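All values reported here derive from a predicted model rather than from experimental measurement. In listed order, ligands and their atoms are each counted from 1.
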Amino acid sequence: MTTLAITGGQVLLPDITVTRADVLIDQDDGEILEIGDDLAADADETLDAADSLVTPGFVNGHCHVAMTLLRGYADDKPLDAWLREDIWPVEAELTADTVRAGTELGVLEMIKSGTTAFADMYFFVPTIAEAVADAGLRARLGHGVISVAKDDEAAREDAREGLAVAAEIDGMADGRIASAFMPHSLTTVDGEYLEEFVPQARELGVPIHYHANETTDEVVPIVEEEGVRPLAYAAEKGMLEDGDFVAHGVHVDESEIGLLAEAGTSVIHCPASNMKLASGMAPVQRMREAGVTVGIGTDGAASNNDLSMLDEARDAAMIGKLAADDASAVPAEAVVEMMTRGSAEAIGLDTGRLEEGAPADLAVIDLEEPHLTPRHDLVSHLAYAAAAADVRHTVCDGQVLMRDREVLTLEEDAVRARASEAAETLVTAAEE
Ligand SMILES: CSC[C@H]1O[C@@H](n2cnc3c(O)ncnc32)[C@H](O)[C@@H]1O
Ligand SMILES: [Zn+2]
């Protein structure tokens with residue numbers, strides 16, 4: 001057995017308290033062996049965590065990772081115009097090569113900001129899976145299915161690809177990669193295709209993930225045409241079951257919150273994207289009170305514009321209070337729970353907690369910074385004050401992915417150069 005000890009740090013436990021302890025990891029199994037005092041002596045390797053907080057790796061519950069290529073390409077528009085006028089035309093020019101370059105840039109940013117697991121909906125998913133496997137992260141990935149603006153055969157082909165990709169990649173990278181069936185949203189995939197393909201995803205045994213109730217533009221047509229709220233419509237189509245998870249959930253009413261809680265379908269809150277696209281304020285406090293599992297996600301880098309879960313945590317706390325008109329709503333403990341275990345449970349990956357027997361996925365945050373001084377409350381610092389640049393080390397599945405701010409699984413300069421070139425190629429192709 002090869003062992004790694006994280007020594008001298010303050011450790012964030014599953015009950016969201018902090019204690020002084022070392023963490024001993026079995027690197028062969030990728031599991032935490034013990035959390036306690038003086039565990040360095042028997043370890044083969046150590047990572048210094050003095051003056052640092054050892055936290056579960058952050059779990060980004062909803063992303064489009066290769067959209068790093070479109071960071072800053074189109075800003076300051078609402079969702080529908082942004083997608084139709086800017087994003088979808090350029091995404092039509094994506095290739096496996098450009099998606100690989102964008103994914104590498106995205107996972108590099110994730111590792112540098114302490115994220116060890118994420119859920120992602122995009123195109124060229126086997127290529128994304130390979131890049132995630134090589135970088136050493138954990139992910140649940142799916143091909144985003146869209147039927148609008150396609151003829152019947154093209155729409156079916158897209159849905160068939162969604163199922164085939166889910167079957168192909170599930171369990172890759174020694175189980176670090178899982179899959180899901182991912183219809184883009186309830187308004188961009190026609191009901192007939194949902195009825196045909198969702199049961200096939202159930203047979204495959206994978207969860208369903210989709211954008212839901214993100215803007216009022218997505219709610220009104222369903223209410224008008226179907227006579228029910230969007231999540232009641234989703235339930236009719238078999239898309240609201242235990243293990244399923246929806247992104248955004250901004251415009252959900254009490255009846256839909258009840259449906260989510262009853263079904264065991266989770267919500268991934270994307271506060272930065274919701275603010276930037278002016279989509280609205282999700283009722284996070286209300287959903288949590290009703291027993292809905294809520295995780296946190298960045299959405300893509302084109303609507304955020306970064307992939308830092310620490311930024312997202314602060315945004316979630318701030319907008320959660322505003323939405324509830326209550327400064328005690330969505331407190332620091334809730335945010336820290338949502339960005340770790342909450343997201344992990346929502347996307348169905350076994351991670352997000354530091355305890356014996358749990359997967360060894362963690363980040364070490366350097367506390368020796370002016371903005372993290374004094375240290376009254378480290379949970380508060382994680383929710384409100386820590387930033388991506390404070391992450392010293394990142395470990396996933398027992399493997400050190402970043403040591404002393406140096407990423408070991410990717411060559412940073414080369415990744416940035418390839419991504420810049422791919423972004424240029426993509427945008428040029430879209431302009432021709
Ligand atoms: C079909 S793959 C995923 C698809 O989703 C687009 N997208 C990015 N951000 C959002 C968002 O906030 N709401 C809805 N759709 C979004 C992305 O550009 C891809 O086309
Ligand atoms: Zn999204």
Please evaluate residues Leu141 and Ile177 with respect to the criterion side-chain contact (heavy atoms from CB on, under 4.5 Å), reporting the C-alpha separation (whole Å), side-chain torsions for both, the decisive distance (0.1 Å), and the verdict.
CA-CA 7 Å; Leu141 309 173; Ile177 293 177; 4.1 Å; yes
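- Between the Zn ion (ligand 2) and His62 there is an N/O/S contact shorter than 2.8 Å.
- Crowding of Glu289 atom CD: a count of heavy atoms from other residues, nucleotides or ligands under 6.0 Å exceeding 12.
- In terms of N/O distances under 3.5 Å, ligand 1 is approached by Glu91.
- Within the 4.0 Å heavy-atom cutoff, His143 does not count among the residues contacting ligand 1.
- Taking the N/O/S atoms of Asp299 in turn, the shortest distance to the Zn ion (ligand 2) belongs to OD1.
- In summary, the atoms of ligand 1 found under 4.0 Å from a heavy atom of Met67, numbered by their order in the structure, are 8 (C), 17 (C), 18 (O).
- Checked against Arg229 for a salt bridge (Lys or Arg N to Asp or Glu O under 4.0 Å), the options Glu254, Glu256, Glu218 give a single hit: Glu256.
- For His64 and His211, the ring centers are positioned less than 6.0 Å apart.
- In terms of protein heavy-atom proximity, atom 7 (N) of ligand 1 is closest to His64 NE2, 3.7 Å.
- Taking 2.8 Å as the criterion, His211 counts as a coordinating residue of the Zn ion (ligand 2), since one of its N, O or S atoms falls below it.
- For His248 and His62, the ring centers are positioned less than 6.0 Å apart.
- The shortest N or O to N or O distance between Glu214 and ligand 1 is below 3.5 Å.
- Those atoms of ligand 1 with a heavy atom of Trp88 less than 4.0 angstrom away are 20 (O).
- One N or O on the side chain of Ser343 and one on the backbone of Val59 form a donor-acceptor pair closer than 3.5 Å.
- Contacts between Trp82 and ligand 1 below 4.0 angstrom, taking non-hydrogen atoms only, involve the side chain exclusively.
- Here is the list of ligand 1 atoms found below 4.0 Å of a heavy atom in Gly144: 1 (C), 2 (S).
- Against a heavy-atom cut-off of under 4.0 Å, Ile87 is close to the following atoms of ligand 1: 18 (O).
- Of all atoms in ligand 1, listed by their number and element, those nearer than 4.0 Å to a heavy atom of His248 are 12 (O).
- By the 3.5 Å distance cut-off applied to N or O atoms, His184 is counted among the residues near ligand 1.
- If you look at His381 and His371, their ring centroids are not closer than 6.0 Å.
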